[in-house]
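Quick notes on the structure that follows.
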Amino acid sequence: MIQLVVFDMAGTTVFEDNVVYKTVHRAIEMAGFSVDFPTVLLHGAGKEKLQAIRDVLAEISGKAAPDEVVLPIFENFKQLLDEAYSHGNFTEQPGATEIFQFLKEKNIKIVLNTGYSRQIADFLLEKLGWKNNPLIDLTITADDVKNGRPHPEMIRFSMEKMGIADPKSVVKIGDSMIDIEEGKNAGCGFSFGITTGAQTREQLLNAAPDAVLDGLLELKKWV
């Protein structure tokens, strides 16, 4: 019996047109590196953003980049993102409120988790009118835990806060391979990919999800 669904935010429940990863891409290229956007999505999606930058740089250079390279890129990324967000248009993904209401009617808890900082997550929640949404029980960000995805700490923290002991009663859903890996590492009953965000169906299948969904409402048949 499912007691909790942990949803990723951007690309899964929130539509923001990949602005964060486009900004990661821009910041890396402004530092003099050449990388295509699909590579940024493949190696950065779902991760805490400093780690995403580290991993993209490691992929394109074949070795770990030192802090004196990575940290200025990250600081520029944060400034660029503030600018991008001031002009951005953010909406909920199709079916988000409907699936939240469906789960609430079944007394299933809802947690949003994200590789974003608390500042970015709260900005998105405010834009969507979700900051005090009674349908959402909790939001967990990369700032709230020591270990980001694919470590299961965010899911375990969510379970603790919701009073849930058995990970098999938990569903994780997200638009990146690292979301799926996070769910599997936590021992979730189901770990789903969804094609509404950063990565393709073929990429998501590489993480061996229980299923890849094309929209949030498809979750109804699983819970």
Side-chain angles (χ1 to χ4, degrees), residues 3-14 20-21 23-24 27-28 40-59 63-79 81-82 109-125 130-131 136-193 197-199 207-209:
Q3 296 179 280
L4 167 66
V5 179
V6 179
F7 293 89
D8 173 52
M9 288 184 64
T12 302
T13 52
V14 179
V20 170
Y21 299 114
T23 306
V24 168
I28 289 173
V40 172
L41 288 179
L42 182 60
H43 296 282
K47 299 176 182 176
E48 183 274 325
K49 298 308 169 275
L50 177 58
Q51 188 62 50
I53 291 168
R54 290 188 192 279
D55 289 352
V56 172
L57 291 176
E59 172 63 23
K63 60 182 180 180
D67 281 352
E68 55 262 34
V69 172
V70 176
L71 295 181
I73 295 174
F74 182 59
E75 290 304 314
N76 188 37
F77 157 75
K78 289 191 289 185
Q79 293 181 17
L81 189 61
D82 284 343
K109 299 292 186 181
I110 295 167
V111 170
L112 304 184
N113 82 339
T114 179
Y116 290 168
S117 67
R118 171 55 63 184
Q119 179 182 1
I120 294 174
D122 282 350
F123 176 88
L124 289 173
L125 293 170
W130 284 2
K131 191 66 183 293
I136 299 169
D137 295 288
L138 183 68
T139 60
I140 303 291
T141 77
D143 289 345
D144 299 321
V145 295
K146 180 180 179 181
N147 300 295
R149 299 167 179 159
H151 194 281
E153 187 174 354
M154 281 197 283
I155 293 177
R156 290 175 179 167
F157 186 47
S158 301
M159 292 172 60
E160 179 183 342
K161 290 290 188 180
M162 295 296 101
I164 294 169
D166 184 5
K168 294 300 182 186
S169 69
V170 179
V171 173
K172 175 64 206 284
I173 180 168
D175 65 306
S176 68
M177 290 185 286
I178 206 165
D179 283 295
I180 298 164
E181 292 165 7
E182 177 194 24
K184 292 168 76 71
N185 289 341
C188 290
F190 295 113
S191 296
F192 297 127
Q199 295 182 336

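What you see is a predicted model, and the numbers here were worked out from it, not measured in a lab.
Residue Thr139 forms a side chain to side chain contact (heavy atoms under 4.5 Å, CB included) with just one option from Ile110, Leu112, Thr114, Asp144, and that option is Leu112. The only member of Val145, Leu138, Ile140 that meets side chain to side chain contact (heavy atoms under 4.5 Å, CB included) when paired with Asn113 is Ile140.
Using a distance-only test at 3.5 Å, with no hydrogens or angles considered, a donor-acceptor pair links the side chain of Arg149 to the main chain of Gly46. Under a 3.5 Å cut-off, the side chain of Gln3 and the backbone N or O of Ser169 do not form any donor-acceptor pair. Of the possible polar contacts, one joining the Thr12 side chain to the Asp175 backbone as a donor-acceptor pair under 3.5 Å is found. Not one N or O on the side chain of Lys184 forms a donor-acceptor pair closer than 3.5 Å with the backbone of Glu182. Listed for the Asn76 side chain is no donor-acceptor partner under 3.5 Å among the backbone atoms of Ile73.
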**Request:** Would you sort out whether Lys49 and Phe77 count as a side chain to side chain contact (heavy atoms under 4.5 Å, CB included), showing the intermediate values?
**Result:** CA-CA 9 Å; Lys49 298 308 169 275; Phe77 157 75; 3.8 Å; yes
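Using a 3.5 Å distance cut-off with no hydrogens or angles, the side chains of Gln51 and Asp55 do pair a donor with an acceptor.
Leu50 has its side chain within reach of Leu71: a pair of non-hydrogen atoms, C-beta onward, lies under 4.5 Å apart. Side chains of Ser176 and Asp8 form no contact here, defined as non-hydrogen atoms less than 4.5 Å apart. Using a 4.5 Å heavy-atom threshold, the side chains of Leu42 and Gln199 count as touching.
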